[in-house]
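All remarks here apply to the structure that follows.
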Amino acid sequence: MSGRSYDVAVVGATGAVGGEVVRILDERLFPIGDLRLFASLESVGIGVEVGGRELGVEPLGPRAFAGIDLAFFCAGAAVSAEYAPQAVAAGAVVVDTSARFRTDPLVPLVVPEVNAAALACREGGIVASPTGATIALVVALGPIAGAAGLCRVVASTYEAVSGAGKRGIETLSRETVNVLNMRSPSGEEDEAVFAHRIAFNCIPQVDELLADGSTREEEAVIAGTRKVLGLDALPLAITCVRVPTFYGSAVALTVETERALAPDEARAVLRAAPGIILCEAGDEMPYPTCADVGGTDAVYVGRVRADPAQPHGLQLWVALDNVRKGAALNAVQIAEILTRES
Ligand SMILES: NC(=O)c1ccc[n+]([C@@H]2O[C@H](COP(=O)([O-])OP(=O)(O)OC[C@H]3O[C@@H](n4cnc5c(N)ncnc54)[C@H](OP(=O)(O)O)[C@@H]3O)[C@@H](O)[C@H]2O)c1
């Protein structure tokens, strides 16, 4: 990194992703000058602990980004739509974790292990980070695409409730306690976070249902995977499922490659790939579970095997901490590259 320090803003600092961004900046000794934390009006004045000191949460407003070099947006698409352009106008570079700019052709969508080069083609001041499921997919698919090309991808995701933010976490906690106490899972007055009860359940709907029977999350994973891999026409069929885990999401992945890639060769490629921990038979962790990957930084890949249904087919199981590598760490890694370039 260059020797200078950066004045940084984290918007959504009291949330699942924003809180993790703050912790990761501290853990990785990001060269921060001034750090400013923003959230909704309900959190203004709350103290957030950062490296042993407490910082107060501020409201967003017209002068919020004066002097800020780098702004992490972790407060949802509506807040990004309104305030990210203001941050850029004030001279900041924005790393946005929301859906707002992901499909904008002028905004790079970046997973550093796969397409860091896209940062060099940036035309504006905004860089977007994909959904956690997209990050799991592209980190695993990128090396396979490089080694053997991709014809077709079929995947089912198993997505933790923290993917729906702190209200998702609270909902699973509350419903679990209620069910175990023989009460109705959710109180009448609760605003629903999920389409159905999530405690002791799996819901084949993440985000909004669309008219064609797919969901907003499936649409985002398909568009994001194509954009990050630079494969605009890659055929993908995705089913996204919300599962009752707190942290840690997984993907069951079936890949058809252009050229034959034996499971041993695929394992060698994945073992050497950046950001991946390959789990193999005989290892202490022969395959990763969602609970194993919570609080970790890597994308874990296991159960690499031939797909018996097609000649150039592979099957894999991929897992990651959706809040860390699936959002906050990815955003900080993007910022680290940007600071190296400046
Ligand atoms: N969670 C994941 O696994 C994940 C993965 C990839 C991407 N993302 C994306 O990351 C973003 C944040 O998600 P999250 O899971 O961290 O959600 P969250 O836990 O609900 O946190 C939302 C944050 O935004 C703040 N906020 C809400 N409305 C605001 C407003 N009007 N002005 C300023 N701040 C406001 C909240 O402040 P208060 O505390 O005051 O309400 C809170 O700090 C979303 O766009 C999400 O799609 C999440």
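For ligands, and for the atoms within them, numbers begin at 1 and follow the listed sequence.
- Using a 4.0 Å cut-off between heavy atoms, T14 contacts ligand 1 through both its backbone and its side chain.
- In terms of protein heavy-atom proximity, atom 41 (O) of ligand 1 is nearest to S40 OG, 3.5 Å.
- Using a 4.0 Å cut-off between charged side-chain N and carboxylate O, D26 and R23 make no salt bridge.
- Residue contacts with ligand 1: R102 is included, with a non-hydrogen atom under 4.0 Å away.
- Here's the thing with R167: none of its N/O atoms is less than 3.5 angstrom from an N/O atom of ligand 1.
- From the protein, the heavy atom lying nearest to atom 47 (O) of ligand 1 is T97 O, 4.4 Å.
- The protein heavy-atom contact nearest to atom 30 (C) of ligand 1 is V79 CG2, 3.5 Å.
- Distances from atom 1 (N) of ligand 1 to the heavy atoms of S162, A16, S129 show the closest one on S162.
- Distance alone, capped at 3.5 Å, is enough to place a donor-acceptor pair between the S173 side chain and the I169 backbone.
- Side-chain N or O atoms of T131 include one that pairs as donor or acceptor with a backbone N or O of T134 at under 3.5 Å.
- Applying the 6.0 Å contact sphere to CZ of R197 captures more than 12 heavy atoms from other residues, nucleotides or ligands.
- Each of the following atoms of ligand 1 lies closer than 4.0 Å to a heavy atom of S43: 38 (P), 39 (O), 40 (O).
- When atom types are taken as modelled, the side chain of D321 and the backbone of V323 share a donor-acceptor pair closer than 3.5 angstrom.
- Note on ring orientation: taking the six-membered ring where Trp is involved, the planes of F72 and F30 are perpendicular (angle over 60°, cut-offs 30° and 60°).
- Of all the heavy atoms of L60, the ones lying under 4.0 Å from any atom of ligand 1 belong exclusively to the side chain.
- A salt bridge between R216 and E219 is present, with a side-chain N of the basic residue lying under 4.0 Å from a carboxylate O of the acidic one.
- Nearest-residue assignment for atom 33 (C) of ligand 1 (options A328, G163, A331, A39; heavy-atom criterion): A39.
- Ranking the protein heavy atoms by distance from atom 20 (O) of ligand 1 puts K166 N, 3.8 Å first.
- In terms of protein heavy-atom proximity, atom 48 (C) of ligand 1 is closest to V17 CG2, 3.4 Å.
- With ring centers used as reference points, F101 lies 6.0 Å or more from F73.
- Here the shortest heavy-atom distance to atom 22 (C) of ligand 1, taken over G165, A327, C74, belongs to C74.
- Shown in contact with S98 at under 4.0 Å from a heavy atom are these atoms of ligand 1, numbered in order with element: 45 (O).
- For ligand 1, the atoms closer than 4.0 angstrom to any heavy atom of N322 are 3 (O), 5 (C).
- Residue contacts with ligand 1, taken as heavy atom pairs separated by less than 4.0 Å, do not involve K325 at all.
- Using a cut-off of 4.0 Å between Lys/Arg side-chain N and Asp/Glu carboxylate O, R324 and E20 are scored as salt-bridged.
- If you number the atoms of ligand 1 from 1 as listed, the ones under 4.0 Å from a heavy atom of G326 come out as 5 (C), 6 (C).
- Remark: minimum distance from atom 26 (N) of ligand 1 to any protein heavy atom is reached at A75 CB, 3.8 Å.
- Looking only at distances, no side-chain donor or acceptor of S43 sits under 3.5 Å from a matching main-chain atom of I46.
- For CZ of F246, the number of neighbouring non-hydrogen atoms (other residues, nucleotides, ligands) closer than 6.0 Å is greater than 12.
- Looking only at protein heavy atoms, the nearest one to atom 21 (O) of ligand 1 is G15 CA, 3.2 Å.
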Do D104 and K227 pass the salt bridge (Lys or Arg N to Asp or Glu O under 4.0 Å) test, and can you show the C-alpha distance, the side-chain angles, and the key distance before you say yes or no?
CA-CA 10 Å; D104 185 329; K227 186 169 175 178; over 6 Å; no
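- Considering backbone and side-chain N/O of E42, none are found under 3.5 Å from N/O of ligand 1.
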